[in-house]
Amino acid sequence: MDQREAPDEFAAVVEDYRMGRIRASADVVSQTLQDGRRRAVPGSVYVTTQEFRAVFAAAEGVRE
C-alpha cells in the first residue's frame with residue numbers, strides 16, 4: 001500500500017477513498033462471517049483483474 005503523504009489539496013479525497021476501501025473490506029468480512037460465503041473486496045486486485053480481463057475479452061472482438 002502506498003504510504004506517501006498526499007498534497008494538502010488532495011488529502012481529503014485520498015482519505016475518503018481510503019476509508020471507502022476500509023468500509024468495503026469490513027462489509028465483505030461481516031457478510032462472510034454471517035453466511036460463510038467468500039467474496040472479493042470491491043477495488044481489490046482480484047476484482048480489478050477480472051474487470052480488466054472482461055474488458056480485454058470484449059475488445060478482442062473489435063479488432064479489425
Taking distance alone, no hydrogens or angles, what donor-acceptor pairs closer than 3.5 Å link side-chain atoms of residues 28-36 to residues at least two apart or in another chain?
{"residue": "Gln31", "atom": "OE1", "partner": "Arg39", "partner atom": "NE", "Å": "3.2"}
{"residue": "Thr32", "atom": "OG1", "partner": "Val28", "partner atom": "O", "Å": "2.8"}
{"residue": "Thr32", "atom": "OG1", "partner": "Arg37", "partner atom": "O", "Å": "3.2"}
{"residue": "Asp35", "atom": "OD1", "partner": "Arg37", "partner atom": "N", "Å": "3.0"}
{"residue": "Asp35", "atom": "OD1", "partner": "Arg39", "partner atom": "NH1", "Å": "3.2"}
{"residue": "Asp35", "atom": "OD2", "partner": "Arg39", "partner atom": "NH2", "Å": "2.6"}

Can you give me every donor-acceptor pair (side chain of residues 46-53, partner residue at least two apart or in another chain, under 3.5 Å) with its distance?
{"residue": "Thr48", "atom": "OG1", "partner": "Ser44", "partner atom": "O", "Å": "2.9"}
{"residue": "Thr49", "atom": "OG1", "partner": "Val45", "partner atom": "O", "Å": "2.7"}

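- With rounding to the nearest 0.5 Å, the separation of CZ in Arg23 from CG in Asp16 is 7.5 Å.
- Closest heavy-atom contact between Ala6 and Ala11: CB-CA, 4.1 Å.
- With a 6.0 Å radius and a threshold of 12 heavy atoms from other residues, nucleotides or ligands, Glu9 has its CD atom above the threshold.
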